[in-house]
There are 2 protein chains.
Amino acid sequence: MKIAIMGFGTVGCGVEEILYKKRKSLIKNNFDIQIDKILIKNTDKQRFPHQKDLVFTDDFDEILNSDVDTVIDVTSSLEETHERIVALMNSGKNIVTANKAVVSKYFEELNELAVKNGVYFSYEASVAGAIPVIHPIMEETFFSDMNKIYGILNGTSNYILSKMETEGLSYDEVLRQAQDLGYAEADPTADVGGLDAMRKIRIVSSLIYNSKINEEEIFTFGISNVTKTDFEFAKDLGYSIRLLAKSALEANKINISVIPTFVADDFFAKTFEGTNAIKVWGENFNSYEFKGPGAGKLETADAIMRDLLRILAKREIKTFYDATNSFEVENNIKHKFYIRTTEVTDGLKNIIDRKKTSGENHMIVTKKVSLDELKSAIENLGQVFIAEIEEEK
Amino acid sequence: MKIAIMGFGTVGCGVEEILYKKRKSLIKNNFDIQIDKILIKNTDKQRFPHQKDLVFTDDFDEILNSDVDTVIDVTSSLEETHERIVALMNSGKNIVTANKAVVSKYFEELNELAVKNGVYFSYEASVAGAIPVIHPIMEETFFSDMNKIYGILNGTSNYILSKMETEGLSYDEVLRQAQDLGYAEADPTADVGGLDAMRKIRIVSSLIYNSKINEEEIFTFGISNVTKTDFEFAKDLGYSIRLLAKSALEANKINISVIPTFVADDFFAKTFEGTNAIKVWGENFNSYEFKGPGAGKLETADAIMRDLLRILAKREIKTFYDATNSFEVENNIKHKFYIRTTEVTDGLKNIIDRKKTSGENHMIVTKKVSLDELKSAIENLGQVFIAEIEEEK
């Protein structure tokens, strides 16, 4: 079996390492996998694969015109990779991808193309790294309606929040630490701004509701404004703060958001550092929970291996996602929220349940309002931090 | 597609309910599943299936000689069901079973028979109910060595322990409550004695180590002797008590046990009532964790549905378990233990680190010893309760 890999960054190296190191075990199970070619940008850069005679190329057409039947995508670009995946599918190649930006933005198109071309499209690695979540959820959709999914889906944000909580440090201090340790990128915007978690909640939510969700409809608020004050306020109420990605289907409306959340002492509050955590509610069980590493070299490669072996053994689930349901996105479920602001506008006044003032900061707990109502109430505010407050059980 | 079901107790009814209620969704995904016959013991008993024209029989041969290709086993008998599964496999029928007693006792034979007859043998429902654990672990074995698995695998025991902890009740009080609520059987021995958890840890451990483990080699100590005193002692040290099923492969020895354990404030300590929890360690990730309902009508039926659909769509993993590895069982890893006893023998004296006496009870914390050493130290004691003490992190 010949495959190709697009990209040879951390995760690509992880895939190559597993294929090399586990060759004996793979062959025992009839997986004689050869890497035909690896697509890279810079052919001058020295690389250190385990298999010494690996062929690298910077010419995409060599992959497109090769006889490999499955291509692993571990690139990080959006539009270029999207175009390439489309071309590969149209030439009959199965796709295994870790690229959540592409999967989220083009979910409907890529699933449709997979059906049209009779190829497999697998993306376990795009959500929650080594934790097996996409495939078990897919299996469940055939016979069980799931109506809610919550997750800590961005490791960088969780690292920052949990370190702020346990070590009492400021956002900037922890971010700098995280960047030094390689947990956060030089430009961490996509992570701390909630964009990365937004893509992941779009993917899993579309999958379980079989419904298109436009990225821009997802209420997305990141953690870059969080301060020690917020943690102190949360702690006084018995909470910690985590960035949750959530969706729930109620009365044919999809509530979907990425929002800092006051969490009580529970599954999510006990999620530390770069760990990811996912909780799914379905009709055959109250809920089940997964927790594990959400990123990393071998961790993400692990998820890719699952998809790859399923495809090569023809055990993969054929695409059934067709966005048949056209549920509207409307964040209409009512919650209490925490708002820290230096300015209290008239719109805000209407939703205040109680307020504490310290220096120039107003710390507000709102009445129960919908996220849509909150959104209009805060839209003219400058520096503001908000968090949903988890209901006490 | 025609199937048969053996048994029509709680879980069997759950399977019938899902097949009936989700028929539209199943057919949309090409699963036109007909229940050909249901095997029951008592044909006089009135039954209330959703599908009114279901055919019941008490004649096993009608199933054996039918043209169904897959049989779902939700019986609870051991030897009779074993014989029947063997006969069914030999006549070319795939088996989906929830019967952990059969799967554990005859794991090697049934896997071998499945290979010989080219049929599928699936048992997701035998461990941890709705939580998808067997199949993800199977996928992982192809390319990742897992060397440790811990779990809370018996819901009844966990219900009792967690209620004793949170409500300060005695063992007998909670057991009676649990029996009234249907969480515990009239004869709870298999659950509180650790037998049920022992079977489950045997199944998952054999699977990940690809090695036969005899049930009688697994050190099994249940919770029936636990008292409030034990919880108070544990609490003073910052622990709670849970019944853990554990195995670890170290230096070619399998350490494997079911034993009450002092757990700190963590994943397992936060597992309440009938919930099951599993933690797996592997070479591509530090660990991942699953938590969810370990039993129940629709919960267990959910796991059966996953297996059934995988088989019908020919997406199931072909049996690869062949017990190639012949690792010996030896509980040689050293831990501290808690022992409550009314008698301090010479054998015990040698391993005491510290001791507290209250009335006739001696509460002992041992030095670090292996479970094998502990076993000989306590073998002549009468009434005794023991627990492994989780290492502080």
Side-chain angles (χ1 to χ4, degrees), chain A residues 14 17-19 21-22 25-26 28-31 128-133 135-137 139-145 265-267 270 275-277 279-280 282-293 296-303 305-306 308-310 313-318 320 324, chain B residues 14 17-19 21-22 25-26 28-31 128-133 135-137 139-145 265-267 270 275-277 279-280 282-293 296-303 305-306 308-310 313-318 320 324:
Chain A
E17 179 174 328
I18 295 175
L19 286 173
K21 290 197 171 161
K22 308 306 285 189
S25 158
L26 286 164
K28 190 190 161 207
N29 290 293
N30 296 317
F31 294 109
I131 316 173
V133 56
H135 198 257
I137 282 178
E139 290 192 322
E140 197 82 36
T141 56
F142 295 136
F143 61 86
S144 168
D145 289 338
D265 180 30
D266 70 352
F267 177 64
K270 290 280 179 200
T275 301
N276 278 198
K279 185 165 182 173
V280 188
E283 63 179 329
N284 292 335
F285 44 83
N286 177 27
S287 65
Y288 53 64
E289 302 168 344
F290 305 92
K291 193 180 275 193
K297 180 182 176 178
L298 294 176
E299 290 83 352
T300 309
D302 192 274
M305 286 300 299
R306 289 173 177 271
L308 178 65
L309 298 192
R310 246 185 264 119
K314 305 203 188 310
R315 284 191 286 100
E316 183 57 304
I317 293 178
K318 293 206 182 78
F320 56 87
T324 301
Chain B
E17 179 175 328
I18 295 176
L19 287 174
K21 290 198 172 163
K22 307 307 285 190
S25 156
L26 287 164
K28 191 191 160 203
N29 290 292
N30 297 317
F31 294 109
I131 316 173
V133 56
H135 197 255
I137 281 176
E139 291 192 322
E140 197 82 37
T141 56
F142 296 136
F143 60 87
S144 168
D145 289 338
D265 179 31
D266 69 352
F267 177 63
K270 291 279 177 202
T275 301
N276 278 199
K279 186 166 182 172
V280 188
E283 64 179 330
N284 293 335
F285 44 84
N286 178 27
S287 65
Y288 53 67
E289 302 168 344
F290 306 92
K291 191 179 280 192
K297 179 183 176 180
L298 294 176
E299 291 82 351
T300 309
D302 192 274
M305 286 299 300
R306 289 172 177 273
L308 178 65
L309 298 192
R310 246 186 262 118
K314 303 196 189 320
R315 283 190 286 100
E316 183 56 304
I317 292 177
K318 294 208 181 75
F320 57 86
T324 302

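Proteins get letters first, then strands, A, B, ... in listed order; numbering begins at 1 in each.
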Dump the intermediate steps for side chain to side chain contact (heavy atoms under 4.5 Å, CB included) on B:Arg306 and A:Phe143, then the final yes or no. CA-CA 9 Å; B:Arg306 289 172 177 273; A:Phe143 61 86; 3.9 Å; yes
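- For chain B, the nearby part of A:Phe31 is the side chain; its heavy atoms alone come within less than 4.5 Å.
- Using a 30° and 60° split on the angle between ring planes, B:Phe290 and A:Phe290 fall in the perpendicular class, above 60°.
- At a 4.5 Å heavy-atom cutoff, the contact between A:Ala130 and chain B is made by backbone and side-chain atoms alike.
- Under a 4.0 Å N-O distance rule, the pair A:Glu139/B:Arg310 qualifies as a salt bridge.
- The ring pair (Phe, Tyr, Trp, His ring centres under 6.0 Å) search around B:Phe285 returns B:Tyr288, not counting sequence neighbours.
- Looking at B:Asn276, neither its backbone nor its side chain comes within 4.5 Å of chain A, counting heavy atoms on both sides.
- Interface remark: B:Leu26 contributes backbone and side-chain atoms alike to the contact with chain A (heavy atom separation under 4.5 Å).
- The two residues B:Phe320 and A:Asn29 come nearest to each other via the heavy atoms CB-OD1, 3.6 Å.
- Residue A:Ile317 touches chain B through both its backbone and its side chain, counting heavy-atom pairs closer than 4.5 Å.
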Passes side chain to side chain contact (heavy atoms under 4.5 Å, CB included), A:Asn284 versus B:Met305? Steps please. CA-CA 11 Å; A:Asn284 292 335; B:Met305 286 299 300; 5.9 Å; no
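- Contact count versus chain B (heavy atoms, under 4.5 Å) is highest, among A:Asp302, A:Thr300, A:Leu298, A:Asn286, for A:Asp302.
- Salt bridge A:Glu283/B:Lys21: absent, no basic N to carboxylate O contact under 4.0 Å.
- Comment: B:Lys270 does not engage A:Asp266 in a salt bridge, judged by the lack of any side-chain N to carboxylate O separation of less than 4.0 angstrom.
- At a 4.5 Å heavy-atom cutoff, B:Thr275 makes no contact with chain A through either its backbone or its side chain.
- For the set A:Lys28, A:Glu289, A:Glu299, the count of heavy-atom pairs under 4.5 angstrom toward chain B peaks at A:Glu289.
- At a 4.5 Å heavy-atom cutoff, the contact between A:Thr141 and chain B is made by backbone atoms alone.
- Across A:Pro293 and B:Ser287, no two heavy atoms sit closer than the pair CD-O, 3.3 Å.
- Residue B:Ser144 touches chain A through both its backbone and its side chain, counting heavy-atom pairs closer than 4.5 Å.
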